[in-house]
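A short worksheet on the structure shown next.
Because only heavy atoms are used, hydrogens play no part in the values below, and waters and symmetry mates are left out as well, while side chains stay in. We number each residue from 1, following the sequence as shown. Every number for a ligand or one of its atoms is a count from 1 in the order of the listing.
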Amino acid sequence: MNTQSYKSLDFELIEQGTYLLTLNRPASLNALNTEIFREFALALDEVADDAEARVLLITGAGEKAFVAGADISEMRDKSAVEGMAFSQTAMTLFRRLEMLPIPVIAVVNGYCLGGGCELAMACDWIIASENAVFGQPEVNLGITPGFGATQRLSRLIGPARAMEMIVSGRHVDANEALTWGLVNHVYPQDRLMDEALSIAGTICQKGPLAVRLSKQAIVRGASLDLDSGCQIESQAFGLCFSSAEQKEGMAAFLEKRKPEFKGA
Ligand code: CO8
């Protein structure tokens, strides 16, 4: 099913509960510009409004790139104030993505640079094709990262590796990204989307409220001290016992059958 029409991205509900958002500006390697951010925000509204949504997959059109960064031709003539506003637009959007109630997987199918890498890191995890290339090459352009890399990359792979990537602009291939913990899995390019759909299918079979509450506890807890984070988990755990899916999940286990989750 196609949702409303978009120009710079494709956005569709491909299977029950699984949305696929494809950044679609292949002529510029899916570079992020104002238009794509505007449409991205609309797509997030659609996902957030759908109580049946289970998983969001994000990928790039074509075989060469996920996203090769923010659009350099659009950024070139910005003033300081405009540069900060552009950065703030992306920061707000990526934080919304991070806080989306359902899991979001970045399906990285090629170059994943600058703002592209920052977008991927705002997803819950990254899977990549063997030809994927990660990097924060902003220093080559005389700018710092502006969409969150100085913060998220350090948290993901540690400050020393983040520092190396950001101050040298060095590209990191898929296997190195895997070793560094930036990426969860690497697949041959022709299998990447099938693997993404298989992961999404697995998540869709689980208790939907439990999945949402688990994500919420992990994301919210990440910026809290251990005691406060564990409190969030206790509350989430307690809340599950008010749901039909907890009754069904436990009954199915004890009756030695597969659970049939219909929602919270
Ligand atoms: N923006 C605009 N156009 C781009 C971008 C980009 N980021 N990346 C590639 N393109 C365009 C190229 O200009 C080219 O267009 P054309 O065919 O019209 O000449 C087309 O895509 C294909 O690219 P190449 O011919 O360069 O393809 P190659 O295979 O030779 O190289 C690379 C691929 C290595 C990915 C190369 O294109 C490249 O280095 N791209 C730029 C990567 C980069 O520097 N990204 C970081 C951008 S800055 C950023 O993301 C910071 C975000 C925070 C901003 C803060 C707010 C102000």
Write out the residue and atom name of the closest protein heavy atom to [atom], then the distance separating them to 0.1 Å.
| atom | result |
| --- | --- |
| atom 53 (C) of ligand 1 | Gly146 N, 3.4 Å |
| atom 57 (C) of ligand 1 | Gly83 O, 3.6 Å |
| atom 1 (N) of ligand 1 | Ile72 N, 2.9 Å |
| atom 56 (C) of ligand 1 | Phe86 CD2, 3.5 Å |
| atom 37 (O) of ligand 1 | Leu29 CD1, 3.8 Å |

Residues [X], [Y]: salt bridge by 4.0 Å N-O rule:
| X | Y | result |
| --- | --- | --- |
| Glu233 | Arg220 | no |
| Glu245 | Lys206 | no |
| Glu164 | Arg161 | no |
| Arg76 | Asp71 | no |

Closer than 4.0 Å to some heavy atom of Gly115 - which atoms of ligand 1 meet that?
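Ligand 1 atoms under the 4.0 Å threshold to Gly115: 49 (C), 50 (O).
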Where ligand 1 meets Pro137 - atom numbers and elements under 4.0 angstrom, heavy-atom basis:
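Counting from 1, the qualifying ligand atoms are 43 (C), 44 (O), 45 (N), 46 (C).
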Does ligand 1 have a heavy atom under 4.0 Å from the side chain of Met75, from its backbone, from both, or from neither?
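Under 4.0 Å from ligand 1, Met75 contributes side-chain atoms alone.
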Applying a 4.0 Å heavy-atom criterion (strictly less than), which segment of Leu141 is in contact with ligand 1: side chain, backbone, both, or neither?
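The answer is the side chain of Leu141.
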Just do the salt bridge (Lys or Arg N to Asp or Glu O under 4.0 Å) check on Lys258 and Glu248 with the steps written out, would you?
CA-CA 9 Å; Lys258 278 190 124 180; Glu248 167 61 10; over 6 Å; no
[atom] protein-contacted, heavy-atom criterion under 4.0 angstrom:
| atom | answer |
| --- | --- |
| atom 39 (O) of ligand 1 | no |
| atom 24 (P) of ligand 1 | no |
| atom 19 (O) of ligand 1 | no |
| atom 13 (O) of ligand 1 | no |
| atom 31 (O) of ligand 1 | no |

Please verify the inter-ring angle class for Phe94 with Phe40; under 30° counts as parallel, over 60° as perpendicular, anything in between as tilted.
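Plane angle between 30° and 60°, so tilted.
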Any link between Tyr187 and Val133 through a network of hydrophobic side chains (Ile, Leu, Val, Met, Phe, Trp, Tyr) touching at under 4.5 Å?
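In one cluster: no.
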Does the residue Leu113 have a heavy-atom contact with ligand 1, meaning some pair of atoms that are separated by less than 4.0 Å?
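The answer is yes: ligand 1 sits under 4.0 Å from a heavy atom of Leu113.
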Any heavy atom of Lys64 sitting closer than 4.0 Å to ligand 1?
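Right, Lys64 reaches ligand 1.
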Asn131 and Ser129 side chains, donor-acceptor separation under 3.5 Å
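Side chains of Ser129 and Asn131: pair found under 3.5 Å.
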Is it true that Arg212 and Gln216 share a donor-acceptor pair across their side chains at a distance under 3.5 Å?
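No - no donor-acceptor pair under 3.5 Å links their side chains.
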Please report whether ligand 1 has a polar contact with Ala31, defined as an N or O pair separated by less than 3.5 Å (distance criterion only).
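By distance alone, the answer is no.
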Would Val108 and Ile127 satisfy side chain to side chain contact (heavy atoms under 4.5 Å, CB included), going step by step from the backbone distance to the final call?
CA-CA 6 Å; Val108 172; Ile127 63 172; over 6 Å; no
Please confirm whether Lys78 makes a cation-pi placement over Phe86, using NZ or CZ under 6.0 Å from the six-membered ring centre and within 45° of the ring normal.
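Verdict for Phe86: a cation-pi partner in Lys78.
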Return the option from Ala27, Ser87, Ser28 holding the heavy atom at the smallest distance from atom 15 (O) of ligand 1.
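Shortest heavy-atom distance from atom 15 (O) of ligand 1: Ala27.
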Could you work out, for atom 42 (C) of ligand 1, the closest of Ala68, Gly69, Pro26 by heavy-atom distance?
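Heavy atom nearest to atom 42 (C) of ligand 1 belongs to Ala68.
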Determine, step by step, whether Glu176 and Arg170 satisfy the salt bridge (Lys or Arg N to Asp or Glu O under 4.0 Å) criterion, reporting the C-alpha distance in whole Å, the side-chain angles of both residues, the deciding distance to 0.1 Å, and the verdict.
CA-CA 12 Å; Glu176 196 170 11; Arg170 175 163 93 75; 2.9 Å; yes
